[in-house]
Every structure is written in C-alpha cells, then in structure tokens.
Amino acid sequence: MKSILFIHQSAELYGSDKTILMFISGLDKKQYKSVVILPFDGPLKREFEKNGIEVIIAPVLKLYRKMFTPKGILNFFREYRNGLKILNALHKKHRFDIVYSHTLASLIGLIFARKHHIKHLWHVQEIIAQPAIFYKGFVKLLSLDCNHVAVYDSKTTMDFWIKNNKKLAQKSHAICNGLDVTQKLDTSLEEVASIRKNYFKVGSDDLVIALVGRINSWKGQQLLLEAFQKIAHKYPNIKLVFIGSAPPNQEIFEIELQNKIIEFALTERVVIIPFQEAIWKFWDSIDIAVVPSTEPEPFGMVAIEAMLSKKPVIAANHGGLTEIVLPNETGLLFEPRNPEKLAEALSVLISDENKRKSFGIKGCGRVHSEFSLKKHIDQFEAIFNSLSNR
C-alpha cells in the first residue's frame with residue numbers, strides 16, 4: 001500500500017475543495033493510504049471524515065500578498081516551524097511515499113518532501129500572469145528537481161506554465177478535473193418549486209440566470225450584473241441569482257455588488273444567496289448558468305456542475321472554459337470582459353427554449369464522457385505508480 005500525504009490550502013467547499021474531496025475519496029483504499037493536511041477546520045474536513053479519511057489541521061505556508069510585510073514574514077517562519085514539526089511526526093507514523101500539493105497556494109509540501117527525499121507532485125490549478133515576479137517564481141519552483149511531477153487541471157493551464165521551458169514540459173501532464181457523476185441525484189419537482197419560491201422568489205414561468213461561485217474581484221459578478229441591466233427591461237420574466245459568499249475579510253466585494261444592484265434599481269430582479277453546501281438542488285432549479293470570469297479560469301468546475309444538471313452554460317471565451325463548453329452545442333462563449341457580448345449571449349438563450357434544452361442535454365452527456373471522476377482517478381493512479389517505481 002502506498003502512503004500519500006495530500007496538502008490543500010482551504011477547508012471550504014468551492015471548486016478546488018470539491019475537486020480534491022472527490023479525488024481522494026475515490027482512490028482505491030486498498031492501494032492508497034491518504035492523509036490530508038488542511039489549514040483550518042471547515043466543511044471540507046467533515047466531508048473527508050465522513051469518507052473515513054484522516055485529516056490533520058496544520059499550517060500549509062499559504063501564499064498571500066500581505067505576507068510580504070515584517071509581521072507577515074515573522075508569521076511565515078512561525079508557521080514553517082510548526083508545520084514541519086507536525087509533518088515530521090506524521091512521516092514517522094506513515095512513512096509517506098508521495099507528497100501531493102493541491103494548488104500553488106501552499107509551499108509546505110515541497111519543502112517537506114525535499115527535506116525527506118520524498119517524491120513530490122504539484123497539482124496546479126492556477127493561471128498567474130501578474131505580478132510577473134509571482135509567475136517567474138512559480139516557474140522556478142515547478143522546475144526544481146525536488147518537484148518530480150507537475151499536473152495541470154487543463155491543457156490551457158499546462159501550456160501557460162511550460163511555455164519555453166523544456167525541463168518543466170518533460171515532467172508535466174494535463175489531466176482535466178473530474179466529477180463524480182453518481183453523486184448527482186435528481187431533485188423532485190416539489191423541491192425545485194420550493195427553491196424557486198423561497199430562495200429565488202420567482203414563479204414557474206420565470207427564467208433564472210445564475211452565477212455560482214465566490215464573490216470576488218474576478219469571478220465576474222459585476223460584469224454579469226451590468227449585462228443583465230442592459231436587457232432586464234426587455235425581458236420582464238428574467239431574474240438574476242448570485243449563489244456564493246465573499247472570502248473571509250473580503251466582504252467589500254459583496255457590499256460593492258449590493259450597492260451596484262441598488263444603483264441599477266434591480267433589487268426586485270437580483271438575489272444574492274450565501275454559499276450553499278447542498279448545491280445540486282440549486283443547479284436543478286435554475287435555467288441558465290453563467291461563468292463570466294474576467295480572468296482566465298484554469299478549469300471551471302462550476303461549468304461542469306451546471307452541465308451535469310442539464311443546464312446551458314454561457315462562459316467567457318478564455319482559459320480552461322474553452323475546453324469545457326462547446327459553442328452552439330453545450331452553451332455559448334462570449335468575448336471576455338465585454339458586457340454587451342454577454343448580454344447578446346443571454347438574449348439568445350432567453351429567447352430560445354429549444355436551445356436551452358438541447359444544450360443542457362448535450363452538456364450532460366459531455367460530462368459523462370469527458371469529465372468523469374473515474375477517468376480523472378485512473379490517470380492520477382498511473383502517475384502515482386510511475387513515481388513509486390522510480
């Protein structure tokens with residue numbers, strides 16, 4: 001049995017959190033012993049433990065801008081000592097064969113693996129073009145000999161990082177994230193009606209446009225609101241729903257969104273619903289999903305979730321979303337950061353029920369064939385076995 005230490009930088013249940021939860025929970029427990037490090041308690045920890053997976057709370061040396069201050073640097077070294085102490089004790093108990101770092105946001109996995117001469121795999125789920133010093137720094141870290149394999153959540157993400165770097169390209173693999181299609185249960189008509197009435201405040205004949213995701217600077221909430229404002233007068237039966245919350249200590253993004261809703265006089269047409277753990281019944285209750293990210297999404301798990309719920313997806317035409325949404329088959333792509341083009345795409349689907357249904361059905365089939373969790377796990381297990389045999 002191979003013993004793997006998994007390190008993740010969050011304990012919530014957004015895109016990357018769901019990805020690692022499904023992945024580790026789906027690994028063959030007869031072949032792999034999984035130990036997960038999370039930086040704090042949260043819903044992700046509880047979900048892992050439901051699946052019998054050991055979770056330890058420990059510092060992960062998470063990168064953030066404010067760490068580059070005297071106080072931040074002191075805190076970094078304090079976490080460095082405490083984190084390594086915990087990991088060293090775990091290694092004595094489990095004798096890890098592989099260290100897997102999920103996302104570039106944490107550094108402790110690479111440091112720990114290098115210290116103990118353990119194979120290290122970095123699963124990259126970010127595209128970081130700015131600031132340039134961050135981009136150059138991560139390229140150097142990914143290229144280090146102590147990082148034995150780099151896996152990216154899409155070909156778009158991989159191409160971004162390996163550009164003009166033969167050394168990194170030789171140890172790089174693109175593996176699309178997978179979704180456990182068996183977890184998706186049908187929502188009853190009664191439940192859908194309840195969600196639409198009590199949360200969305202709409203009737204059966206209204207159309208609900210939804211963006212599911214964190215409220216932050218680049219997920220596109222403000223862009224979608226601006227596009228919606230351009231067409232709201234034309235379609236009195238449409239409503240816009242944002243499902244998600246701002247990150248801790250960044251509530252300003254939600255406040256700014258609420259202020260813009262008031263400025264546009266759309267308080268009766270737009271609803272903000274806090275983050276929901278039981279997200280599937282909400283997906284089943286909307287009509288059109290929008291992923292309008294203003295920066296390139298490395299992958300775009302919310303698009304996969306929407307497609308599994310047979311919803312048409314309108315997405316920004318950049319990043320990993322271009323590998324998920326097939327234009328005029330499973331949804332529509334629009335010019336990034338262009339509210340007029342987004343409004344046009346919305347109008348196309350609002351006006352055409354047949355397209356909404358057709359795109360939804362084809363999208364669901366695409367998830368089953370191209371983005372299944374089994375396919376994702378099979379590819380990773382092959383890499384794990386290769387690493388162990390080196």
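In the model, Ser358 has no side-chain atom that pairs as donor or acceptor with a side-chain atom of Asn354 under 3.5 Å. For Glu297 and Ser293, the side-chain atoms include at least one donor-acceptor pair closer than 3.5 Å. Judged by distance alone, the side chains of His8 and Thr103 never bring a donor and an acceptor atom under 3.5 Å apart. Using modelled atom types and a 3.5 Å distance limit, the side chains of Asp284 and Ser309 yield a donor-acceptor pair.
At a threshold of 4.5 Å between non-hydrogen side-chain atoms, the residues His148 and Lys171 do not count as touching. Annotation: side chain of Thr330 is not in contact with side chain of Val313 (no heavy-atom distance under 4.5 Å). Under the 4.5 Å side-chain criterion, counting only non-hydrogen atoms from C-beta, Ile231 is in contact with Ile238. When side chains are defined from C-beta on, Phe242 does not count as touching Val271, because their heavy atoms never get closer than 4.5 Å. Side-chain contact between Lys119 and Asp97 is absent, with no heavy-atom pair separated by less than 4.5 Å. Between Val151 and Leu121 the shortest side-chain heavy-atom distance falls below 4.5 Å. You'll find the side chain of Ile324 reaches within 4.5 Å of the side chain of Phe371, heavy atoms only. Under the 4.5 Å side-chain criterion, counting only non-hydrogen atoms from C-beta, Ser16 is not in contact with Phe299.
Applying the side-chain contact (heavy atoms from CB on, under 4.5 Å) test to Tyr80 and every residue at least two apart in sequence or in another chain returns Leu61, Leu84, Ile111. With sequence neighbours excluded, no residue forms a side-chain contact (heavy atoms from CB on, under 4.5 Å) with Lys85. Shown here are the salt bridge (Lys or Arg N to Asp or Glu O under 4.0 Å) partners of Lys362, two or more places apart in sequence or in another chain: there are none. Considering only residues two or more places apart in sequence or on other chains, Lys201 meets the salt bridge (Lys or Arg N to Asp or Glu O under 4.0 Å) condition with none of them. Evaluation of the side-chain contact (heavy atoms from CB on, under 4.5 Å) rule for Thr294 yields Trp218, Leu223, Arg337 as partners, not counting sequence neighbours. Take Glu47 and apply the side chain to side chain donor-acceptor pair (under 3.5 Å) test, not counting sequence neighbours, and it matches Lys50. Applying the salt bridge (Lys or Arg N to Asp or Glu O under 4.0 Å) rule to Glu353 yields the partners Lys357; only residues at least two apart in sequence or on another chain are considered. Residues passing the side-chain contact (heavy atoms from CB on, under 4.5 Å) test with Thr156, sequence neighbours excluded: Ile127, Ser154, Thr322, Glu323. With sequence neighbours excluded, the residues that form a side chain to side chain donor-acceptor pair (under 3.5 Å) with His123 are Tyr100. Legend: residues meeting side chain to side chain donor-acceptor pair (under 3.5 Å) with Glu305, ordered by chain and number and at least two apart, are Lys18, Trp283.
Nearest heavy atom pair, residue Leu333 against residue Ala316, reads CD2-O, 4.2 Å. Between Lys167 and Asp145, the shortest heavy-atom contact is NZ-OD1, 3.1 Å. Counting all heavy atoms, side chain and backbone alike, Glu126 lies closest to Ala105 at OE2-N, 3.6 Å. Of all the heavy atoms in Ile86 and Ile57, the pair that sits closest is CD1-O, 4.1 Å. Pro339 and Glu226 get closest at one heavy-atom pair: CG-OE2, 3.5 Å. The minimum heavy-atom distance between Pro43 and Glu277, with the atom names listed, is CB-OE2, 3.4 Å.
Ring orientation note: the planes of Phe282 and Tyr199 are nearly perpendicular, at an angle over 60° on the 30°/60° scale. In this structure, Phe138 and Trp122 have perpendicular ring planes: the angle between them is above 60°, well past the 30° mark.
In this structure, the separation between NE2 on His116 and NZ on Lys92 is 9.0 Å, given to the nearest 0.5 Å. In this structure, CG in Leu224 is found 5.5 Å from CG in Leu211, a value given to the nearest 0.5 Å. How far CE of Met22 is from CG of Leu179: 4.5 Å, rounded to the nearest 0.5 Å. Once rounded to the nearest 0.5 Å, the distance linking CG of Leu342 with CG of Leu225 reads 11.0 Å. Lys374 contributes atom NZ, which lies 10.5 Å from atom CD of Gln379 (distance to the nearest 0.5 angstrom). Taking CG of Leu332 as the reference point, atom CG of Leu326 lies at 11.5 Å (rounded to 0.5 Å).
With hydrogens and angles disregarded, no donor-acceptor distance shorter than 3.5 Å links the side chain of Asn338 to the backbone of Glu335. Side-chain atoms of Ser386 do not come within 3.5 Å of backbone N or O of Ala382 as any donor-acceptor pair. Remark: the backbone N or O of Asn249 is paired with a side-chain donor or acceptor of Glu251 at under 3.5 angstrom. Using a distance-only test at 3.5 Å, with no hydrogens or angles considered, no donor-acceptor pair links the side chain of Asn317 to the main chain of Phe334. A donor-acceptor contact shorter than 3.5 Å links the side chain of Lys311 to the backbone of Ile286. The closest donor-acceptor contact from the side chain of Asp153 to the backbone of Cys176 lies at 3.5 Å or more, if one exists at all. Looking only at distances, no side-chain donor or acceptor of Glu256 sits under 3.5 Å from a matching main-chain atom of Phe253. Put simply, the side chain of Asn198 gets close to the backbone of Ser194: a donor and an acceptor are under 3.5 Å apart.
Looking at Asp352 and Arg356, no side-chain N of the basic residue comes within less than 4.0 Å of a carboxylate O on the acidic one, giving no salt bridge. Using a cut-off of 4.0 Å between Lys/Arg side-chain N and Asp/Glu carboxylate O, Lys375 and Glu370 are scored as salt-bridged. Ion pairing between a basic and an acidic side chain is recognised when a charged N comes within 4.0 Å of a carboxylate O; Lys163 and Asp159 show no such pairing.
Residues in residues 204-216 take part in these side-chain hydrogen bond (donor to acceptor under 3.5 Å, both in side chains) pairs, two or more places apart or across chains: Glu12-Arg214. Within the structure, the side-chain hydrogen bond (donor to acceptor under 3.5 Å, both in side chains) test picks out the following pairs touching residues 25-46 (sequence neighbours left out): Ser25-Asn51, Asp28-Gln31, Tyr32-Asn385, Lys45-Glu49.
Of the listed residues (His91, His117, His120), just one forms a ring pair (Phe, Tyr, Trp, His ring centres under 6.0 Å) with Phe112, and that residue is His91.
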Legend entry - Verdict with supporting geometry, Leu13 and Phe275, side chain to side chain contact (heavy atoms under 4.5 Å, CB included): CA-CA 9 Å; Leu13 279 176; Phe275 167 76; 3.5 Å; yes

Inset, instruction - Walk me through it: do Phe264 and Phe228 pass the test ring pair (Phe, Tyr, Trp, His ring centres under 6.0 Å)? - result: CA-CA 10 Å; Phe264 285 157; Phe228 182 83; 9.8 Å; no

Legend entry - Trace of the ring pair (Phe, Tyr, Trp, His ring centres under 6.0 Å) decision for Phe6 with His102: CA-CA 7 Å; Phe6 292 89; His102 194 243; 8.8 Å; no

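Centroid-to-centroid, the aromatic rings of Phe160 and Tyr152 stay 6.0 Å apart or farther.
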